[in-house]
Amino acid sequence: MNASELRKLFPILDQEVNGHPLVYLDSAATSQKPIPVLEALKAYYEHDNANVHRGVHTLGSRATDAYEGAREKVAAFLNARYTEEIIFTRGTTTAINLVAASYARSVCREGDEIVLTPIEHHSNLIPWQQAAKATGATLKYIPVQPDGSLLLEDVEATITPNTKMVALTYVSNVMGTVNPVKQIAAIAHKHGAKILVDGAQSTPHMKVDVRDLDCDFYAFSGHKMCAPTGIGCLYGKKELLEKMEPVEFGGEMIDHVDLYESTWKELPWRFEGGTPIIAGAVGLGAAIDFLQEIGLDEIERHEHELAAYAYERLSEIDGLAIYGPSKNRSGLVTFNLGEVHPHDVATVLDSEGVAVRAGHHCCQPLMRWLAVTATARASFYLYNTHEDVDRLAAALVKTKEYFGHGIG
Ligand code: PMP
């Protein structure tokens, strides 16, 4: 894989920011979009746009084919057994909310447990808090190691026969840890619990096989994997989705409507009320083609190498604290520069053309666990190069000089 060549397919990266060539290191928040995805969106709107599942006219059936074709691509991409196991959503957040509001609320009772980890994104935390409040279930947390990793013995000790649901992230958006979700799924199933995997930070960066993981639900967002914003997916095992009630009602999701009663369509459409995100799905299909052509294994290898290089380069900067494991980290590095607020660090980096994220990264409990209010984070994707890491390191040295005393 040649990142410098691939980068040319991302027009947005070819610009100067504050007088410097842009170095975009915020792909964990959202990725940039390559020409094939931009062209697929343009072609869809220029030739095929119509509403789906309704019109008998030619554009209507072309749009339906494009939308349902994208679903087939997602199913193959995740190695789902059935295409109808793929529900299009707005993103990871909406997908998790659907499971928490529908599945969890129907199975959980007082005395039951929902098991999470303290490093979850708010999107995989608050929906479960709400489900617990509504059902009387208790939230339990698997303890984490100082580097953010999980020990299987802690997982074993936390999940019990009372556990109905385990929900955790595959890859942490702050620590960069990769959780052993396949083993955790086996432990959950041993106790009769179901498992939801938050795939927001894994799906864009590594090969995912939901059947091999044997997860019951899997959620991800298109915008972090070269697709447009506003499209994502929930994968769910067919036998579970079939038992779930919709949480959004209206057009598109109905079978028969009476004045006082209505019935729903079969899977997957019963969970897709209203006009769906048709162009978004087309863009997601194009993004999947693009990523598969490069190869998810190649992308993962490239990013792990960049993250290891970044860890090494940033470790050379005196006074810079790096969070997360020193080895086997996914493609991101989270750090703080002495006592300087990460917003100030990110502002100085931006003046050097280097875009990083600063804040709590939607992980307030994790920030408290790290005993910080916020951190800065550089995250990599297939278009980032070793030169980008060098620019980050050089800009951080400048930032350190700028803030002067008290660092290192
Ligand atoms: N989970 C994780 C681990 C994430 O990193 C994110 C996005 N930062 C989300 C969930 C939420 O994704 P979205 O905002 O696309 O719904």
Side-chain angles (χ1 to χ4, degrees), residues 24-33 74 87-101 116-130 141-142 144 148-150 166-179 181 184 195-206 208 213 215 217-235 247-248 271 277 280-281 283-284 287 303 307 323-324 329-334 346 355-367 369-370 374-381:
Y24 185 75
L25 299 178
D26 196 17
S27 296
T30 198
S31 72
Q32 299 303 350
K33 322 302 174 200
V74 176
I87 316 290
F88 282 126
T89 65
R90 214 153 45 74
T92 308
T93 306
T94 331
I96 297 172
N97 269 283
L98 171 56
V99 179
L116 311 170
T117 84
I119 65 167
E120 297 309 314
H121 189 280
H122 297 159
S123 292
N124 195 30
L125 179 66
I126 304 165
W128 305 112
Q129 288 178 350
Q130 296 301 101
Y141 288 90
I142 304 167
V144 286
S149 61
L150 299 176
V166 178
L168 86 165
T169 193
Y170 201 162
V171 172
S172 161
N173 62 317
V174 175
M175 305 301 275
T177 41
V178 184
N179 286 326
V181 292
I184 297 173
I195 180 167
L196 176 140
V197 176
D198 173 348
Q201 298 295 345
S202 46
T203 325
H205 308 286
M206 59 204 271
V208 171
L213 295 176
C215 54
F217 300 101
Y218 186 95
F220 73 91
S221 303
H223 69 93
K224 294 183 198 283
M225 49 183 283
C226 296
T229 48
I231 183 77
C233 283
L234 172 68
Y235 156 83
V247 292
E248 282 185 341
F271 295 111
I277 318 138
L284 178 59
E303 290 173 12
Y323 306 100
R329 55 169 51 244
S330 69
L332 59 89
V333 181
T334 298
V356 302
R357 180 80 184 254
H360 54 59
H361 313 286
C362 299
C363 289
Q364 288 186 17
L366 170 55
M367 293 295 116
W369 181 76
L370 289 172
T375 71
R377 178 189 70 193
S379 54
F380 311 109
Y381 208 10

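Read the numbers this way: they start at 1 and go in the same order the structure lists the ligands and their atoms. Quick caveat: nothing in here was measured; it's all calculated off a predicted structure. Numbering of residues begins at 1 and proceeds along the displayed sequence.
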Over 60° means perpendicular and under 30° means parallel, so tell me whether Tyr381 and His205 are parallel, tilted or perpendicular.
perpendicular
Can you tell me how far OG1 of Thr94 sits from CD1 of Ile231, rounded to the nearest 0.5 angstrom?
10.0 Å
Would you please determine whether His122 falls within less than 4.0 Å of ligand 1 on a heavy-atom basis?
no
Does either side chain, that of Thr375 or that of His361, offer a donor lying less than 3.5 Å from an acceptor on the other one?
yes
Met175 and Val144, any side-chain heavy atoms less than 4.5 Å apart
no
Where ligand 1 meets Asn173 - atom numbers and elements under 4.0 angstrom, heavy-atom basis
5 (O)
Do any nitrogen or oxygen atoms of Thr94 come within less than 3.5 Å of a nitrogen or oxygen of ligand 1?
no
Tell me whether Asn124 reaches ligand 1 (any heavy atom closer than 4.0 angstrom to a ligand atom).
no
Ligand 1 atoms nearer than 4.0 angstrom to some heavy atom of Thr93 are 11 (C), 12 (O), 13 (P), 14 (O), 16 (O)
Residues Ser27 and Ser379: side-chain donor-acceptor under 3.5 angstrom
no
For Ala200, atoms of ligand 1 separated by under 4.0 Å from a heavy atom
1 (N), 2 (C), 4 (C), 6 (C), 9 (C), 10 (C)
Heavy-atom proximity to atom 2 (C) of ligand 1 ranks first, among Leu125, Asp198, Ile96, for Asp198
Ranked by distance from atom 4 (C) of ligand 1, the top protein heavy atom is His121 CD2, 3.3 Å
Are Thr203 and Tyr218 linked by a side-chain donor-acceptor pair shorter than 3.5 Å?
yes
Residue pair Thr177, Ser149: steps toward the side chain to side chain donor-acceptor pair (under 3.5 Å) verdict:
CA-CA 6 Å; Thr177 41; Ser149 61; over 6 Å; no
When you measure from the side chain of Lys33 to the backbone N and O of Ala227, does any donor-acceptor pair fall under 3.5 Å?
yes
Using distance alone, decide if ligand 1 has a nitrogen or oxygen within less than 3.5 Å of any nitrogen or oxygen in Ser123.
no
Measure the distances from the heavy atoms of His223 to every atom of ligand 1 and state whether one is below 4.0 angstrom.
yes
Does the N or O separation between Thr169 and ligand 1 drop below 3.5 Å for any pair?
no
Filtering Lys224, Arg90, Gln201 for the heavy atom nearest atom 8 (N) of ligand 1 leaves Lys224
Determine whether the side chains of Ser123 and Thr93 contain a donor N or O and an acceptor N or O closer than 3.5 Å.
yes
Please classify the Thr92 to ligand 1 contact at 4.0 Å (heavy-atom distances, strictly less than): side chain, backbone, both or neither.
both
Atoms of ligand 1 close to Ser221 [distance to a heavy atom under 4.0 angstrom, numbered from 1]
12 (O), 13 (P), 15 (O), 16 (O)
